[in-house]
Amino acid sequence: MSRYIATRAIRGANALVIEAELMLNKAIKEKGPDTPVVFPNTAYYLPLIYGMTGQEVETLAQLQPILEHARTLLHPVPSPNHWTPYLGETLDSGMATLLAAETIEAVRFVYELQPEPMLGFELAGGTAYSNNGNGLVGHLNGPIDDIQLRSWGIQLVDGRMPGFAAIVGAAKSNEVAVKIVRELQRRNILTFLSGNVNGRSIIHQLSEEGVELGYDTYTVPFGTDTISAIYALGFATRSALTFGGLKAGQARDILLYNRERVFAFVLALGEVDDLKYAAAAGAINFGFPVIADTVIPEILPTGVTTYEHVVSMPFAEIDGADDLERAERLVQKCIEIRGVKVQVADVPVPVPYGSAFEGEVVRKSDMRIEFGGKYSRAFEFLRMTSLDQVVDGKIEVVGPGFDEIEDKGHMDLGIVVEVAGRKMQEDFEPVLERQIHYFINGASGIQHIGQRDIAWIRISNSAGEKGFDLKHFGKILHARFHSDFGAIVDKVQVTIYTEPDQLDEWLATAREAFDYRNRRLSNLTDDAVEEFYSCTLCQSFAPNHVCVVSPERLGLCGAYNWLDCKASYSINPTGPNQPIKLGRSVDLEKGYWEGTNDYAKVGSHGVVEEVAMYSIMENPMTACGCFECIVMLIPEANGVMVVSREDTSMTPAGMTFSTLAGMAGGGMQTPGVMGVGKFYLISPKFISADGGFKRVVWMSSYLKETMSDELQAVAAREGDPDLINRIADERNATTVDDLLAWLEEHNHPALVMDMIF
Ligand code: SF4
Ligand code: ZN
């Protein structure tokens with residue numbers, strides 16, 4: 001253990017705690033002790049403080065004991081004359097630093113100094129930030145909200161997102177900054193940006209280079225000072241609470257959880273000052289190693305982190321032909337040190353490729369050409385054929401390319417993928433076909449929306465200039481189907497049609513197949529199969545949660561239906577989706593079978609005894625945190641409400657989605673509360689044991705609007721075509737009283753149904 005690091009971290013911690021005390025005292029004097037302190041859009045109070053101390057801080061005054069606690073963690077700077085191990089003192093100082101840093105940010109929120117204002121920075125398209133230089137003051141992201149945390153949750157657990165990098169400081173040059181971030185994006189590593197060196201931050205560097213920052217591109221600008229890096233650790237703390245089923249105050253468990261399961265590291269760019277050493281010591285508490293691109297002493301493994309704690313990799317000394325290569329090596333080193341598992345398929349296209357580009361938007365002004373949408377047709381169709389009818393790797397474009405099409409023009413396009421494999425089954429066709437969306441979207445500068453015969457694809461100018469053309473769609477699909485579905489697909493052949501006659505012919509063939517698949521899906525009921533599937537993907541975060549997935553009840557994240565699980569089992573027979581043989585039925589109405597009950601016990605490690613597939617009132621299925629909607633009993637209304645993740649407004653239960661999410665998640669069985677996937681709402685088996693869809697008395701308007709056709713069909717099925725209009729939403733009721741009045745007025749059927757319990 002380096003005395004040098006200990007000295008500087010301890011000194012940094014002492015200084016920051018004093019700064020926090022001064023700020024807090026001043027704020028209490030100026031604003032009053034009862035002034036509320038909140039981070040926006042989180043149910044976890046000040047998340048790091050909440051996780052580490054269990055305190056639900058809601059006012060300035062409640063921060064005082066937190067700082068008193070931080071003070072007890074401070075130590076005198078080591079004397080030059082005595083040798084001590086320092087590690088304990090350094091870690092304590094790190095924790096004190098984190099408590100002080102979160103306090104400071106909370107006080108800054110009171111003064112509206114967070115999220116940090118920044119000139120010319122603006123939020124565009126929902127979550128993407130860019131610097132448009134318009135001279136107006138926008139602001140940076142600040143802390144990550146709960147909704148985003150959960151939506152990343154599923155990617156974090158299924159491995160699409162291997163971990164996160166907290167970058168603090170500024171790179172040697174703008175070019176290096178961009179390269180580092182691109183390398184991380186390419187590996188789908190979430191990147192948090194904060195800090196500066198002499199006033200210059202990597203956030204400035206990236207925005208000067210026009211790099212789009214934000215949730216959609218996996219790069220979140222926290223703030224231009226070191227203190228804002230606290231948001232990364234707040235995120236880590238919440239991951240443990242949300243997905244790990246841990247409770248606030250279980251500090252040691254939360255830290256261990258992060259060390260074991262959250263693959264994160266800190267990359268310190270540029271000079272490291274006392275405060276950065278102190279913050280680094282804080283990160284080490286979480287098991288996150290710190291890599292610096294400057295000369296600093298190292299800390300070798302002691303068990304707190306999995307590998308080294310602090311690694312120095314002076315930028316100029318990195319082996320490489322130029323700075324860009326050095327940047328690439330630096331990122332590789334970070335990944336090695338944290339043991340981050342990364343899988344990247346080698347996709348031969350002339351643009352960067354990776355899931356981090358999936359959310360990218362190609363605006364009309366940046367567009368070279370589009371297929372589908374308003375002005376042209378585009379479809380994609382995947383089918384299996386016999387092994388001898390497919391030439392693996394054959395990619396053919398039938399018809400003209402887009403060279404002749406004017407800039408920002410459009411043309412018709414058909415993508416036909418033919419696959420063959422000994423383990424391929426017809427049932428997997430739609431599962432694989434749906435992946436086309438993700439695979440194509442992974443190319444930087446390509447935007448893909450929709451599916452089947454409503455696909456809509458755009459190629460950006462810059463992708464066009466780099467030589468991206470039609471055959472590259474085929475290259476992407478060939479590479480990704482092999483890398484992701486190699487277990488069931490042996491051969492992949494792709495034909496791209498632009499020639500009108502053949503395109504028409506294939507479109508007709510595809511539509512016939514789509515019809516056939518729709519019919520097959522609607523005939524696929526729980527009664528028609530002998531096995532359901534388990535999904536334990538989320539156990540890496542919520543160790544006791546299991547989704548039981550049946551044809552009529554998809555996984556609560558909405559990403560896995562019965563066919564997906566079946567395909568996944570074929571691909572990976574020892575993976576997270578296992579068949580559950582139903583065996584003898586115990587109660588068909590509530591949805592109990594011997595097989596599901598046995599599995600529930602085993603899968604939940606004994607936490608859950610039984611699971612009713614069709615009831616919210618009796619032994620409902622547990623939830624991990626990824627649910628698309630929360631269904632909750634409103635006893636006064638004799639029914640349930642359904643709140644969607646997109647809905648941030650108040651609900652009649654007196655809680656918003658994010659507060660409810662805290663109750664619904666964590667792998668516990670709570671009668672009356674359930675997390676579900678959207679499409680379960682329209683299933684005939686939706687809480688059928690409790691009265692079914694007619695129990696829905698309140699529903700977020702977002703669901704009513706985005707699923708209006710499907711809901712209309714449910715209303716017809718339930719024999720009341722006007723049913724959806726009888727259901728209240730946040731626009732007409734946010735309290736139980738308002739809700740009851742609305743239900744009376746609209747004659748909601750739940751009012752005259754049997755008592756729900
Ligand atoms: Fe997680 Fe359930 Fe979705 Fe599987 S189906 S990924 S366990 S939420
Ligand atoms: Zn989950």
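Both counts, for ligands and for their atoms, begin at 1 and track the order of listing. Computation of the quantities below employed the complete heavy-atom set of this structure, encompassing side-chain atoms and omitting hydrogens, waters and symmetry-equivalent molecules.
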Visitor: Could you list which atoms of ligand 1 come closer than 4.0 Å to a heavy atom of Leu556?
Guide: 8 (S)
Visitor: On the 0 to 90° scale, with breaks at 30° and 60°, tag the Tyr44-Tyr50 ring pair as parallel, tilted or perpendicular.
Guide: tilted
Visitor: I'd like to know if the side chain of Glu426 reaches the main chain of Met384, judged simply by a donor and an acceptor atom lying under 3.5 Å from each other, with no hydrogens or angles considered.
Guide: no
Visitor: Give the single entry among Ser534, Ser568, Cys547 that approaches atom 2 (Fe) of ligand 1 most closely by any heavy atom.
Guide: Cys547
Visitor: Closest by any non-hydrogen atom to atom 8 (S) of ligand 1: pick that one out of Cys535, Gly555, Cys557.
Guide: Cys557
Visitor: Do the rings of Phe164 and Phe288 sit parallel, tilted or perpendicular, given the 30° and 60° boundaries?
Guide: perpendicular
Visitor: Which ligand 1 atoms are under 4.0 Å away from a heavy-atom of Cys624?
Guide: 8 (S)
Visitor: Check whether Ser700 reaches the backbone of Tyr702 with its side chain - one donor and one acceptor, N or O, closer than 3.5 Å.
Guide: no
Visitor: Does Pro576 approach ligand 1 within less than 4.0 angstrom via side chain, backbone, both or neither, non-hydrogen atoms only?
Guide: neither
Visitor: Name the orientation class of the two ring planes belonging to Phe481 and Phe485 (parallel below 30°, tilted from 30 to 60°, perpendicular beyond 60°).
Guide: tilted
